[in-house]
Every structure is written in C-alpha cells, then in structure tokens.
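Input: a single structure, listed below in structure tokens.
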Amino acid sequence: MDDEVLTVEETSADQSLTTDAADEFSSIREHFEAGAELTEEETDKVADVAVEYLRELLGFFGETSCSIDEYDGDNGELILDVNGGDLAVLIGRHGRTLDALQLVLSSLMSSTLKFYYPIVVDIESYKTRRKSKVQGLAKAAASRARKQGRVAMAPMNAYERRLVHLALIDDDTVTTHSEGEDPNRRVVITAVH
C-alpha cells in the first residue's frame, strides 16, 4: 500500500517537472504580466501559435487556402485578418460568427499560453470597416442627442458599445451609458446642459 502511494507521489512530481519544462511560454508570460513590452521574437512566437490554431479552425469550415495577415493593433493586440476564399459564412449576421470564432481562438490561446493575450480575428477587414461605421453612428447619434436631449442607439454587442463610448469620450457636450440586458443592451447618449 505504501509503495502505491509513493508511486503516485513520484508520478505527480514527474508530471509537474514535465509540465514546467514543457511550458515554453513561461518567460513570455512573465514579461507580459510584468507589463514589459514583448520582444519581436516573443510576439512572433505568440502569433505563430495563433495563426496555426486559426488555420485549424478555418479548416473546419473547409477554408484551407486563405491568407492570414498579422499586425499589431492600436491597443497592443494581435490582429489576424483572414483574406481569400468564401468567407461570408465566417462573419455571420452582424459579425456574430466572427465574434464566436475569435472567442474560441482566444480560449485556445489562453489555455496554451497560460495567460490572456489580446487577439482580434478579422475577416477581410470586416471589423475595421464596422468600427468606422459604428464610430460614425456614434457621432451622428451625439448630434441628434444635442438637439433632442437623449438618444438610444440600436442594440449592440459589448465590443461595439465600447466603440461608441470611446468615440464620444472626449465630447463634453454628451454623456454615454449602456442600459438593458444582452442581446438588447444599447448605448444611450444624453446631452449635457
């Protein structure tokens, strides 16, 4: 009986050492969590894994010949922009399928890296175009709010609501807040008198 316990303890110790040795991202995690800027080599290593996972996910949709452009976003996130092929199905209605794809990729990456690294998946620059459109809608709604006093925008996902808040954060003539429950949560813009 004591031999069995010893074997289990030895096995656990061996697995712990193997896990530590196999954690090839530990130094990257330490730099990232310390707030240090990752080196180009570290960023490339994270990007390579993300692109590999994304290619596997795209394969489930039958997309095997897409190109994936990778670049740094304005807020330090890694942006993976997929181009080529029949990709409309991957965007989905109002970008919901694209959001789900990004969530799955982020979960896979967090599990592999053992920390959250911000990654944005885009399809043929859909999110970039949508971001510009939402920012334009925010400014137009702010203009209406200054005349009418208060404007409730159409329901949006959390990412788009955040874009509205950020688009109007420096506008002293209006305030913004979100109200309602998902999926009907919306931004309300109120004029400041």
Inter-residue atom distance L101.CG - I91.CD1, 0.5 Å rounding:
11.0 Å
Go through the steps for R129 and E124 under the test salt bridge (Lys or Arg N to Asp or Glu O under 4.0 Å), then give the verdict.
CA-CA 9 Å; R129 292 188 313 271; E124 295 180 340; over 6 Å; no
Distance (rounded to the nearest 0.5 Å) between E30 CD and F115 CZ:
10.5 Å
Sequence neighbours left out, what passes side chain to side chain donor-acceptor pair (under 3.5 Å) with E33? Give chain and number order.
none
What heavy-atom pair brings A138 and I189 nearest, and what distance separates the two atoms?
O-CD1, 4.0 Å
Can you name the nearest heavy-atom pair linking L38 to H31, along with the distance?
CD2-CB, 3.7 Å
Whether the side chain of S110 engages the backbone of S106 through a donor-acceptor N/O pair (distance < 3.5 Å, no angle test) should be reported.
yes
Would you confirm whether R150, through its side chain, and T190, through its main-chain N or O, come within 3.5 Å as a donor-acceptor pair?
no
Considering residues at least two apart in sequence or located in another chain, which fulfil the side-chain contact (heavy atoms from CB on, under 4.5 Å) criterion with K131?
D74, Q135, Y159, L163
Check the hydrophobic clustering (I, L, V, M, F, W, Y; side-chain heavy atoms under 4.5 Å; chains of links allowed) and say if F60 and L87 are grouped together.
yes
Should we count OH of Y71 as having more than 12 external heavy atoms under 6.0 Å?
yes
Can you see which heavy atom on A167 is nearest to which on K139, and at what distance?
O-NZ, 3.4 Å
Report yes if some heavy atom in the side chain of L105 is under 4.5 Å from a heavy atom in the side chain of I119; otherwise report no.
yes
Quick check against the 3.5 Å criterion: does K127 have a side-chain atom that pairs as donor or acceptor with the backbone of D81?
no
Run the numbers on L137 and V164 for side-chain contact (heavy atoms from CB on, under 4.5 Å), then give the verdict.
CA-CA 8 Å; L137 291 170; V164 172; over 6 Å; no
Between T173 and R146, does a side chain to side chain donor-acceptor pair (under 3.5 Å) hold up when you go through it step by step?
CA-CA 7 Å; T173 64; R146 284 189 283 277; 2.9 Å; yes
Spatial distance of atom CG (D72) from atom OG1 (T43) [nearest 0.5 Å]:
6.5 Å
Does E179 pair with R186 as a salt bridge, N-O distance under 4.0 Å?
no
Roughly how far, to the nearest 0.5 Å, is CG of L108 from CD of E56?
8.5 Å
Would you mind reporting whether E41 and I28 have side-chain heavy atoms less than 4.5 Å apart?
no
Are V121 and Y126 joined in one hydrophobic group, where the rule is that I, L, V, M, F, W and Y side chains link up if heavy atoms are under 4.5 Å apart?
yes
For F32 and P118, the nearest pair of non-hydrogen atoms, with its separation, is CZ-CD, 3.9 Å
For V89, which residues count as a side-chain contact (heavy atoms from CB on, under 4.5 Å) partner, sequence neighbours excluded?
none
Does K114 qualify as a cation-pi partner of F25, given the criterion of NZ or CZ under 6.0 Å from the six-membered ring centre and within 45 degrees of its axis?
no
Worked verdict on L90 versus V82 for side-chain contact (heavy atoms from CB on, under 4.5 Å):
CA-CA 10 Å; L90 294 175; V82 183; 5.5 Å; no
Closest non-hydrogen atoms of A47 and E70, given as atom of the first, atom of the second and distance, are CB-OE2, 3.2 Å
Please name all residues satisfying ring pair (Phe, Tyr, Trp, His ring centres under 6.0 Å) with Y53, sequence neighbours left out, ordered by chain then number.
none
Using side-chain contact (heavy atoms from CB on, under 4.5 Å), reason through L98 and D122 one step at a time and then give a plain yes or no.
CA-CA 7 Å; L98 181 54; D122 204 352; 4.2 Å; yes
Please list all pairs meeting ring pair (Phe, Tyr, Trp, His ring centres under 6.0 Å) that have one or both residues in residues 164-193, counting only residues at least two apart or in different chains.
none
Could you give the distance from OG (S67) to CG (N83), rounded to the nearest 0.5 Å?
4.5 Å
Count the heavy atoms belonging to other residues, nucleotides or ligands that lie under 6.0 Å from CD of E40, then report whether that count exceeds 12.
no
Criterion side-chain contact (heavy atoms from CB on, under 4.5 Å) on T64 and L58, from CA distance to verdict
CA-CA 7 Å; T64 56; L58 292 171; over 6 Å; no
Could you pull out all residues at least two apart from F61 that satisfy ring pair (Phe, Tyr, Trp, His ring centres under 6.0 Å)?
none
Please answer whether the main-chain N or O of T39 pairs with a side-chain N or O of E42 as donor and acceptor at a distance below 3.5 Å.
yes
S125 side chain vs T128 backbone, donor-acceptor pair below 3.5 Å:
no
In short, A142 meets D171 closest at the heavy-atom pair CB-OD2, 4.3 Å
d(I68 CD1, L80 CG) to nearest 0.5 Å is 6.5 Å
State whether R55 and E63 are salt-bridged, where the test is any N-O pair (Lys NZ or Arg NE/NH1/NH2 against Asp/Glu carboxylate O) under 4.0 Å.
no
Please tell me whether I79 and L57 are part of a single hydrophobic cluster in this structure, the criterion being side-chain heavy atoms less than 4.5 Å apart.
no
